[in-house]
Amino acid sequence: MSKKTKADDIGDLSEKEAAAELKRLAAEIKRHDASYYLLDAPSITDAAYDALRARNTALEAKFPKLVLEDSPNKRVGATPATGFSKVTHAVPMLSLGNAFTEEDVAEFIDRVRRFLSLPEDAVVEVTAEPKIDGLSFSARYEDGRLVVAATRGDGAEGEDITANLKTIGAMPLKLKGKAPGLIEIRGEVFMTKKDFAKLNAAQAAKNAKVFANPRNAAAGSLRQLDPNVTASRPLRIYAYTWGALEGMSWDTKMEFLEQLEAWGFPVNERSKLCKSVPEMIKAYNKLGEDRADLPYDIDGIVYAVNNLAWQKRLGFVSRSPRWAIAHKFSAEQAQTTLERIEIQVGRTGALTPVAHLTPVNVGGVMVARATLHNEDEIARKDIREGDTVIIQRAGDVIPQVVEVLAEKRPKGSKAYVFPDKCPVCKSLAVREEDEAVRRCTGGLSCAAQAVERMRHFVSREAFDIEGLGEKNIEAFFADGLVKSPADLFTLEKRDGRAKLMEHEGWGEKSLDNLFLAIERRRTVPLERFIYALGIRQVGQATARLLAHAYGTCESWRKAMMAAKDEDSDAYRDLINIEQIGPSVATDLVTFFAEKHNRDILDALDQELTIEAFKAPEVGDSPIAGKTLVFTGTLVTLGRSEAKAQAQTLGAKVAGSVSKKTDLVVAGPGAGSKLKEAEALGVKVISEEEYLALIAR
Ligand code: IVH
C-alpha cells in the first residue's frame, strides 16, 4: 500500500530532519484542512491526505520528543471517561431579541439612537450576518492558546467539549499572530446540508441513528463522549463574537471580524456592513432569496451595531444585548399535492397519520412526507387525499400541513375517514374518551407492534438478551422465525441454528453467543418478566410494585384476570397498591382480556422459570422500617423508581416531612421539604449518598 511505504519511509531521517519534516507536515495538513473546511474545496485526494497524516503519525511515534504543540494529531483528544464536565462562561452567553417585520428593524435602530441620544438622522452602521442554525460554542484562549471550549448550556454554564471541538479541522488550537491575554471566542458549530445528507445515508446503511436535520446531526456529533466519533463527522464552524476579553480592543465589529480571520477562524463570507434600514432590509431580502441555495441552514440575519464603543454603552437588557437583534425568516412553505394518507402503528399501538406528498423543495430540502398529528387534526383542517396543500418546515420541526387550498380540491373528493381497524393486523382500533390517539387493540399479535414490543422484550432493562439488534428482530420476524417472545426460547430447538447460518451476518461464533445469551435468560425475576411484557404504563417501577404485591407469576395472572370485574376484591386490591390507579389497572385488565396476550404468557411459561419475588430481608436493609421522603430531582433513579425500590427494601415513603421522618433524600432543586427537614433536624442526604447507603 502506498500509504504504508510513505509512512514507513522515515527510517533514515535524523532528528533534525525529522523536526523539519514534522513542521512541514503540520503546515501542509493545516493548509489542506483549510481548503477543505474553509473554502469547501479539497486541495488533494482523501488518500493523499491520509498518507500525509500517516507519515506525520509515524514520525511522531519515532520521535515523541519532537511532537509539535499544534500537531495535527492533537486535534483528536483523549476519551473522557464519564459525561461532560461543566464549564462556567467568564461572560454569560446570551440570546438575541427577534425582529419579524421591517417596522421591528426600524424600531431597533430608533431604540439605539434614543439610548445613545443621537440625532434622529444619525447614521447607525450595523453588520449583517447570516444567523446560522447550528449550536453555539465558546472557546477560551489564553495567550493565544485554546484552553477550554464549551457549549452554551444555560448561558451561564455549559458542557466541556474541548476534546470534541479540537477535532474540528477549522478550529484554531493557537491564534495566528498577535493574541490577547484572554479571549472567549464565540461562534456556531454546524453541518452543511450536503454533509448532512451524506452522513445520514451512511448511518442508514449501517442501520445507525439518522438525524432529522443538519442541526440535530451537528448537535449529536458534537455531544459525543468519544471525540473520535466527533472527529469522523463533517462539522464546521463560523466565529462571530467574543465573550470575556483582556488585553486587546477594536473600534468596530467589522475590524473584529477581520481579526478573527487573521487569527485563523472561518468567518461567514456573507457578513457585510449596512448603513441604513433600507440597506438592512435589502440584505435580508437578498439572503432570503439565496437561502435555499446556501450550503447550510440559516434562520435569519443578525444585525449588530458596528461601533464597539456604542455597543459597550448600549449594554444588555435582561438576557439579550441592546446592540444586536435577529431578523428572522418566516418558516419555509411550499405548495404540493397530498397523494395519500398512511396510518403508522407504534409500539403501544397508537395510529399516527402521515401525509405522503408529491416531493417538493422546501427551502433547500426535499420534503415527501408530513405529519398529520391525529384524527382530530385531519377533521379540523378537512384534509383529504388528493388535496393541494401548503406545507411548512421550520427548524427542528417535522414538516406540517398548514392549510388545504379548498378551491383546488378535485371534484368528487371525499372527506377522509379515519380507520377504526389497525391497517397492519386488522384488529379493532379504539379511541378512549379524552384521548387524542386511536390505538390498535391487536397487542402482540399485531406485526407492527410485535416488532416494537420484541425490541422492548430483549432490551437491557427487560430480558437483556445481548446481540439482538433491531435489524435482527425485523429479519427474524419477516422470516417467521421469531414471531413472539416465546419463539426466542424455542429457536434452537426449531433448528434455528441451521436456518440462521443461511443468513448473512451469522456465523458459528455469533450464533453460539446468541444462543448462550438466550439460555442465560431462561430464569428471570418476576419484576423483569412483568416489565418485559411492555404493557402500557407498566414501567420498571410499576412492574416491581406488582411483583412485590403478588409474589409469583401465577398469583399475579390470576389476580389480573379476576380484576376484570371492577366490583371484585381483586380489582380493589390492585388499585389499592400505592401508585397504581384506575388508569394503570385498566391497562393491565385490557392486556389480560386479549386472548393472544394470554397465549403468549402461556407459551413463555412453558419455556421459562419465573422467579418468585424475593422480598429483601427487611432486617438486612439499612432503611428497613424507616420513613423516607424524596425531594428534588433524582438523577439516577427517578422519583417513582426510587420510591418503589425503597418500599421493597422495607421503608415507608412519605410525601411530606414531619417529626416522624427518618431520612430526607434531596436532589437538585429541592425546596420547601428540604427547609422543613432542616428546621426539624431531620437527616438529609444526597441521592449519591442514598445509593451508597442502600448498596451496602
Ligand atoms: S451574535 C449576544 N451572530 O443565534 C449574542 N449569533 O439567537 C450574540 N447565531 O446564541 C450572538 N449565527 O447561537 C450571532 N452570526 C451570528 C449568529 C448567531 C447564529 C446564534 C447564536 C446565538 C443565537 C441567538
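Indexing begins at 1, ligand by ligand and atom by atom, following the structure's order.
- An N or O contact shorter than 3.5 Å is missing between Ser95 and ligand 1 by distance.
- Heavy atoms of Ala324 come nearer than 4.0 angstrom to ligand 1 in no pair at all.
- Counting heavy atoms under 4.0 Å from ligand 1, residue Val302 touches it through the side chain alone.
- Of all the listed residues (Arg270, Lys131, Lys253), Lys131 holds the heavy atom that lies closest to atom 23 (C) of ligand 1.
- When the options Trp242, Phe190, Trp323, Tyr240 are ranked by their closest heavy atom to atom 14 (C) of ligand 1, first place goes to Tyr240.
- With salt bridges taken as basic N to acidic carboxylate O contacts below 4.0 Å, one links Arg236 and Asp195.
- Heavy-atom proximity to Ser136, at under 4.0 Å, picks out these atoms of ligand 1: 10 (O), 13 (O).
- Side-chain atoms of Asn164 and Thr167 form no donor-acceptor pair, as typed in the model, at a separation below 3.5 Å.
- The closest side-chain heavy-atom distance from Phe137 to Met171 is below 4.5 Å.
- Within ligand 1, counting atoms from 1 as listed, the ones closer than 4.0 Å to a heavy atom of Pro321 are 2 (C).
- Distances shorter than 4.0 angstrom occur between a heavy atom of Pro130 and an atom of ligand 1.
- Taking the six-membered ring for Trp and the full ring otherwise, the centers of Tyr284 and Tyr303 sit at least 6.0 Å from each other.
- Considering backbone and side-chain N/O atoms, Leu135 never comes within less than 3.5 Å of an N/O atom of ligand 1.
- Considering only non-hydrogen atoms, atom 20 (C) of ligand 1 lies nearest to Glu188 out of Arg152, Arg186, Glu188.
- Judged purely by atom type and a 3.5 angstrom limit, Thr192 has no side-chain atom pairing as donor or acceptor with the backbone of Tyr296.
- The ligand atoms of ligand 1 that sit less than 4.0 angstrom from a heavy atom of Glu129 are 15 (N).
- Using a 4.5 Å heavy-atom cutoff, the side chains of Pro353 and His373 are not in contact.
- Ring centroids of Tyr141 and Phe265 are separated by less than 6.0 Å, placing the two rings close together.
- Among all non-hydrogen protein atoms, the one lying nearest atom 8 (C) of ligand 1 is Leu96 CD2, 3.9 Å.
- Of the protein's non-hydrogen atoms, the one nearest atom 12 (N) of ligand 1 is Ile132 N, 3.1 Å.
- Using modelled atom types and a 3.5 Å distance limit, the side chains of Glu339 and Thr358 yield a donor-acceptor pair.
- Inter-residue side-chain proximity for Ile237 and Glu188 is flagged as unmet; no heavy-atom pair is nearer than 4.5 Å.
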